[in-house]
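Note sheet for the following structure.
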Amino acid sequence: MPELLKKETGHINALFSGVAICGGFPYARLHEVILDSDGRPGGIVVGFREDYTEVLLFSERKNVGRPFFRSNTLMSIPVSERYIGRVVDGTGTPVDKHGAITGQLRPLFTKAPAIFDRKPVSRPFVTGIKIIDTVLPIGRGQRELIIGDRKLGKTTIAVDTILNQGRMHKNPPVCIYVSCGKKVSELEEIIRLFTREGAMTYTAVVAATADSPFASQYLAPFTGTTIGEYFRDLGSDVLIVYDDLTKHAASYRDISLLLSRAPGREAYPGDVFSLHAGLLERAGQLSDKRKGGSLTALPIVETQEGDLTSFISTNIISITDGQIYLERGLFQKRFLPAINVGLSVSRIGSKGQPDALREVTGGLRLALAQHRELQKLTQIETVLSQAARRTIERGELILELLKQDKHILVDWPVQVVLFYAAEQGYFDDIELDTWRGFEDLVVKAITTKNKRITETISRGTFDDKTREDIRLFISSMKKDFVSPV
């Protein structure tokens with residue numbers, strides 16, 4: 001260690017839960033790694049006061065009573081393709097007992113790509129979830145917030161999106177799942193699901209659980225983003241899930257309160273907005289000069305009693321390119337995924353859809369809005385015209401069509417078949433109470449015996465012949481379908 005760094009030592013003045021106030025380090029930099037007495041990374045600098053330095057310790061026990069030294073190195077992790085299939089903690093250290101990860105060091109805290117290094121988001125990112133792909137489409141490089149109360153299926157949507165990438169693509173995009181403050185049991189169940197479904201062949205997991213040190217919880221989203229940026233800069237498409245930023249903000253609030261920083265609204269520090277803005281701005285679609293890679297972000301935020309006006313909710317809604325809002329009332333009615341289409345939006349819009357899917361779902365939101373308004377009239381026993389009744393029945397059918405069980409994939413060519421048939425009225429004579437069985441039969445047939453139709457659509461062909469093939473296919477399926485008595 002250089003003599004200068006040896007002289008720049010520090011010592012703990014106060015310590016609680018791994019948050020330390022240290023004397024010394026007059027020339028330390030923000031996010032610089034602080035070495036323990038064994039020369040190993042012992043903590044990271046997160047702030048300064050006139051007489052002391054604020055440090056998050058990686059491990060509280062072994063560092064108490066020992067001196068610290070400057071490293072003159074900003075917090076970095078080695079990045080390489082070896083992260084695929086691995087589970088690491090918030091500092092990038094493997095916790096899966098499969099050995100160390102080596103690679104070129106890359107700082108965790110970097111600036112977002114400049115505007116001239118980006119290009120508009122225009123390529124679809126298909127999730128395999130019908131209600132998202134048809135009404136709230138996502139593009140590669142977009143930041144789409146998933147928001148709602150606890151236990152409504154926010155994590156399920158994100159996990160299914162990751163699982164469906166491997167089911168839909170021979171070369172799926174790299175996926176990164178960042179756990180921020182989840183229970184250990186919940187995280188272990190997700191990892192088991194990824195392993196069982198083969199998703200770990202293209203997924204990396206950054207695990208900062210509720211009992212992890214504050215340093216790990218604070219750094220986890222930045223570690224995941226840094227890993228994603230490595231693959232993005234190689235020209236790959238990357239999906240990153242932050243589950244969830246509410247707990248990340250809460251851990252940052254705890255850190256700030258322990259450091260006696262001035263609290264603001266809901267006791268959060270004033271810089272929590274810039275913390276998340278700097279994180280989410282790193283997602284995007286790079287220009288062709290930068291190899292055209294993309295980083296698509298799905299941050300998750302938990303609300304209390306459906307309140308979208310809380311501090312963290314409004315902050316992240318203002319940063320992202322749209323939100324998927326899950327509502328408890330819909331969940332209780334067994335409308336799954338429990339997404340409120342009226343309060344949800346994708347600011348990319350139809351640009352995030354394949355051409356054929358855009359064509360058959362262009363009027364979907366309008367149809368749902370008309371159905372919602374006409375339903376209000378039926379509640380006051382207003383006499384409705386035949387056309388209004390047909391609109392209500394079509395809306396009921398569309399709502400049934402948008403339902404989807406968890407861990408079930410419906411690829412976009414299949415969605416084209418379903419929604420084109422619904423738009424043309426081919427399903428109008430199907431009773432709603434028998435619809436689910438009929439839909440399952442159609443999806444199974446179109447993905448096995450009649451794959452020719454979906455293969456044609458997936459190649460970008462949706463002409464008159466394909467439309468006629470769909471009509472004949474649906475007609476034959478209705479003849480074979482026997483409604484239960």
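Worth knowing before you read on, the calculation uses all heavy atoms, side chains too, and leaves out hydrogens, waters and symmetry mates.
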Requested in this report: For S346 and G322, indicate whether the former's side chain and the latter's backbone hold a donor-acceptor pair under 3.5 Å.
Outcome: no
Query raised in the report: Is a donor on one side and an acceptor on the other found under 3.5 Å between the side chain of D133 and the backbone of T127?
Result: yes
Report task. State whether the side chain of D149 and the backbone N or O of G306 hold a donor-acceptor pair below 3.5 Å, judged by distance alone. Result -> yes
Requested in this report: Could you please spell out the steps behind the side chain to side chain contact (heavy atoms under 4.5 Å, CB included) verdict for S318 and F273?
Outcome: CA-CA 10 Å; S318 68; F273 177 87; 3.5 Å; yes
Query raised in the report: What heavy-atom pair brings A207 and V87 nearest, and what distance separates the two atoms?
Result: CB-CG1, 4.1 Å
Report summary line: Heavy atoms of T320 and P299 approach each other most closely as CG2-CG, 3.9 Å
Requested in this report: Using the side chain to side chain contact (heavy atoms under 4.5 Å, CB included) rule, take R86 and I101 through it: C-alpha gap first, then chi angles, then the decisive distance, then the call.
Outcome: CA-CA 9 Å; R86 301 298 302 273; I101 297 175; 3.6 Å; yes
Query raised in the report: Side chain of D463, backbone of T466: donor and acceptor closer than 3.5 Å?
Result: yes
Query raised in the report: Is it true that R167 and D160 make a salt bridge, defined as a side-chain N closer than 4.0 Å to a carboxylate O?
Result: no
Query raised in the report: Does any donor atom in the side chain of D271 or Y252 lie under 3.5 Å from an acceptor atom in the other side chain?
Result: yes
Query raised in the report: Y420 and F462: aromatic ring centres closer than 6.0 Å?
Result: yes
Query raised in the report: Is any NZ, NE, NH1 or NH2 atom of the basic residue among E439 and K130 found under 4.0 Å from an Asp or Glu carboxylate oxygen of the other?
Result: yes
**Report entry** Side-chain donor/acceptor of N340 to backbone N/O of G342, under 3.5 Å
**Finding:** yes
Requested in this report: Taking atom CG of L366 as the centre, report whether more than 12 heavy atoms of other residues, nucleotides or ligands fall under 6.0 Å from it.
Outcome: yes
Query raised in the report: Nearest heavy-atom pair of F427 and L418: which atoms, and what distance?
Result: CE1-O, 3.3 Å
Report task. Check the pair I339, Y325 against side chain to side chain contact (heavy atoms under 4.5 Å, CB included), reporting the backbone distance first and the verdict last. Result -> CA-CA 6 Å; I339 297 174; Y325 174 60; over 6 Å; no
Query raised in the report: Looking at R436 and D405, does any basic side-chain N land under 4.0 Å from a carboxylate oxygen?
Result: yes
Requested in this report: State the CD1-CD1 distance between I474 and I430, to the nearest 0.5 angstrom.
Outcome: 9.0 Å
Report task. Could you check if a side-chain atom of Y202 sits within less than 4.5 angstrom of a side-chain atom of P173, using non-hydrogen atoms only? Result -> no
Report task. Begin from the C-alpha positions of V443 and V417 and carry the test side chain to side chain contact (heavy atoms under 4.5 Å, CB included) through to its verdict. Result -> CA-CA 9 Å; V443 172; V417 173; over 6 Å; no
Query raised in the report: Do any N or O atoms from the side chain of S216 and from the backbone of G90 form a donor-acceptor pair under 3.5 angstrom?
Result: yes
Query - Min side-chain heavy-atom separation F231-I84 under 4.5 Å - result: yes
Query raised in the report: Should R143 and E281 count as an ion pair when the cut-off is N to O under 4.0 Å?
Result: yes
Query raised in the report: Parallel, tilted or perpendicular: which fits the ring planes of F109 and F222, with parallel below 30° and perpendicular above 60°?
Result: tilted
Report task. Look at K154 together with D244 and state whether they make a salt bridge at an N to O cut-off of under 4.0 Å. Result -> no
Query raised in the report: What's the shortest heavy-atom distance between T91 and D89, and which atoms?
Result: OG1-OD1, 2.8 Å
Report task. Could I get the full list of salt bridge (Lys or Arg N to Asp or Glu O under 4.0 Å) partners for D429, not counting sequence neighbours? Result -> K478
Query raised in the report: Does the side chain of Y83 reach to within under 4.5 Å of the side chain of I77, using non-hydrogen atoms?
Result: yes
Requested in this report: Please check if the side chain of Q415 supplies one atom and the backbone of V410 the other of a donor-acceptor pair under 3.5 Å.
Outcome: yes
Query raised in the report: How about D117 and S287: does a side-chain donor come under 3.5 Å of a side-chain acceptor?
Result: no
**Report entry** E189/R192 ion pair, N-O < 4.0 Å
**Finding:** yes
Query raised in the report: Is there a side-chain contact between Y218 and V46 (heavy atoms, below 4.5 Å)?
Result: yes
Query raised in the report: Can you tell me how far CD1 of I316 sits from CG of L280, rounded to the nearest 0.5 angstrom?
Result: 6.5 Å
Requested in this report: Give a yes or no on whether a salt bridge exists between K403 and E400, defined as a side-chain N under 4.0 angstrom from a carboxylate O.
Outcome: yes
Query raised in the report: Would you say the side chains of S310 and D307 form a donor-acceptor pair under 3.5 Å?
Result: no
Requested in this report: Taking only Lys NZ, Arg NE, NH1 and NH2, and the carboxylate oxygens of Asp or Glu, determine whether K291 and D233 approach each other closer than 4.0 Å.
Outcome: no
Requested in this report: Flag the pair R347 and D321 as a salt bridge only when some basic side-chain nitrogen lies within less than 4.0 angstrom of an acidic carboxylate oxygen.
Outcome: no
Report task. Mark yes when over 12 heavy atoms from residues, nucleotides or ligands other than K119 sit less than 6.0 Å from its NZ; otherwise mark no. Result -> yes
Query raised in the report: Would R123 and Q285 count as having a side-chain donor-acceptor pair, cut-off 3.5 Å?
Result: yes
Report task. Report the C-alpha distance between R471 and E468 in whole Å, list the side-chain angles of each, state the deciding distance to 0.1 Å, and finish with yes or no for salt bridge (charged side-chain N to carboxylate O under 4.0 Å, His left out). Result -> CA-CA 5 Å; R471 187 188 69 79; E468 178 63 14; 2.6 Å; yes
Requested in this report: Quick one: pull up CZ in F194 and SG in C175 and give me the separation to the nearest 0.5 Å.
Outcome: 8.0 Å
Query - Residues T225 and Y242: side-chain donor-acceptor under 3.5 angstrom - result: yes
**Report entry** Residue pairs, two or more places apart or on separate chains, that pass ring pair (Phe, Tyr, Trp, His ring centres under 6.0 Å) and touch residues 154-175
**Finding:** none
Requested in this report: Please say whether more than 12 non-hydrogen atoms of neighbouring residues, nucleotides or ligands are located less than 6.0 Å from CD in E305.
Outcome: no
Query raised in the report: Less than 4.5 Å apart, any side-chain heavy atom of I457 and any of W412?
Result: yes
Query raised in the report: Does I324 offer a backbone N or O that forms a donor-acceptor pair with the side chain of S344 under 3.5 Å?
Result: no
Query raised in the report: Taking 4.0 angstrom as the limit, do D440 and K444 come out as a salt bridge?
Result: no
Query raised in the report: Mind checking whether V178 and V241 have side chains closer than 4.5 Å, heavy atoms only?
Result: no
Query raised in the report: Is it the case that D243 and S179 place a side-chain donor and acceptor less than 3.5 Å from each other?
Result: no
Query raised in the report: Ion pair present between R394 and E423, side-chain N to carboxylate O less than 4.0 angstrom?
Result: no
Query raised in the report: With a 3.5 Å cut-off and no angle check, do the side chains of T155 and E186 form a donor-acceptor pair?
Result: no
Requested in this report: Would you name the heavy atoms of G228 and V238 that are closest together and state the gap between them?
Outcome: O-CG2, 3.6 Å
**Report entry** T161 side chain to I157 backbone, donor-acceptor under 3.5 Å
**Finding:** yes
Query raised in the report: Can you tell me how far the CG atom of L364 sits from the CG atom of L368, to the nearest 0.5 Å?
Result: 5.0 Å
Query - Whether Q217 side chain and S212 backbone form a donor-acceptor pair below 3.5 Å - result: yes
Requested in this report: Cation-pi check, R265 to F311: give yes when NZ or CZ is under 6.0 Å from the six-membered ring centre and within 45° of the ring axis, no otherwise.
Outcome: no
Query raised in the report: If you look at every heavy atom in Q353 and R358, which pair is closest and at what distance?
Result: O-NH2, 3.0 Å
**Report entry** Set of residues satisfying salt bridge (Lys or Arg N to Asp or Glu O under 4.0 Å) with respect to R140, sequence neighbours excluded
**Finding:** D237
Query - Any F116 side-chain heavy atom under 4.5 Å of K289 side chain - result: no
Requested in this report: For the residue pair P137 and I132, establish whether any side-chain heavy-atom pair is separated by less than 4.5 Å.
Outcome: no
